[in-house]
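Single-structure report; data block below.
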Amino acid sequence: ILDRTGLQRPLSNRAVDSFVSSIKEGRRVVNGETIILGNDGTVLDGQHRLWACVISDIPIQTWVVHGVQGNGISTIDTGRVRSNSDMVHMYLNESGLGSSLEKAVGAAIGLVQSCDMNGKFYVTRFERASKNYEIEEFLRFRPEFKDDAKRIYGNGSKKCPIPLSIAIGIYAIAKSGYPEEADHFIQTLYTDIGHNEGDPVLALRRKGLARTKPEDFRRRTDVVACTVKTWNAFVRRDQIKTVRYSHRNEDFPIMIVSPKF
């Protein structure tokens with residue numbers, strides 16, 4: 001059957017590998033998606049799933065539709081793909097978060113999942129969107145995440161020097177080892193009141209709220225790095241006047257996630 005895929009788009013090894021992983025991990029379920037075959041047996045949709053079965057050497061159950069005319073291929077897979085925010089909305093069942101917060105929660109989950117238990121970030125992981133099953137599994141095991149996100153959002157996004165998704169994600173990582181400090185960090189992040197010169201949070205606020213964003217504060221990766229540096233200085237009670245990060249000249253900072261540091 002895989003010898004007859006002439007009408008298909010080029011095979012993506014990354015997509016095949018993703019399907020292989022889902023099959024081996026037992027995440028593939030009969031969800032109504034079909035393998036579509038033309039009236040001459042040509043594969044019109046499903047080549048990546050079929051190759052994943054071959055490579056994994058594990059059979060899957062799926063629906064197969066036969067006899068579709070080849071000229072219909074231009075209409076296959078043209079529906080809107082579910083985004084991370086769609087998954088947040090669906091899993092939380094009419095979450096009431098609002099579209100902007102749902103989008104931020106989806107991105108924040110990717111950030112949290114990119115950080116290991118020792119505070120090391122896998123940068124390429126948080127630079128890509130989370131997969132749907134990752135969103136679902138995370139929210140199942142972290143039900144408090146929704147309420148934390150709503151509380152942070154309630155502070156007012158315009159007052160925060162960093163994107164909402166990063167504030168939510170960094171807070172979630174920090175609170176596992178420093179719950180009180182994490183609360184205080186977020187509270188001070190949203191106000192100029194009560195800061196003294198040398199306060200790390202004040203340095204981050206000045207950088208993030210500047211009329212012209214500094215060069216090392218324009219990419220999402222750089223903003224995360226500066227926020228991690230600020231958190232580390234905050235926890236250690238270091239005095240700093242500026243916070244900088246150069247991805248060309250330094251490693252991505254490791255975040256302090258427990259008192260052992």
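From a predicted model like this one, the values you see are computed outputs, not experimental measurements. The chain is numbered in sequence order, starting from 1.
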Taking 4.0 angstrom as the limit, do [X] and [Y] come out as a salt bridge?
X: K150; Y: E144; value: no
X: E250; Y: K229; value: yes
X: D192; Y: R205; value: yes
X: D148; Y: R142; value: no

What's the spacing between [X] [atom1] and [Y] [atom2] if we round to 0.5 Å?
X: R151; Y: I168; atom1: CZ; atom2: CD1; result: 10.5 Å
X: I35; Y: C53; atom1: CD1; atom2: SG; result: 7.5 Å
X: T34; Y: L37; atom1: OG1; atom2: CG; result: 9.0 Å

Please check this pair: side chain of [X] against backbone of [Y], looking for a donor-acceptor N/O pair closer than 3.5 Å.
X: T191; Y: I193; result: yes
X: H195; Y: T188; result: yes
X: Y178; Y: S258; result: yes
X: K207; Y: V243; result: yes

In this structure, would V257 and Y171 fall into the same cluster of hydrophobic residues linked by side-chain contacts under 4.5 Å?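 Shared cluster, yes.
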Nearest non-hydrogen partners of L209 and K159, listed with the distance: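 Heavy atoms of L209 and K159 come nearest at CD1-O, 4.2 Å.
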Between R220 and S165, is any side-chain donor less than 3.5 angstrom from a side-chain acceptor?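 There is such a pair (donor and acceptor under 3.5 Å, judged by atom type) between the side chains of R220 and S165.
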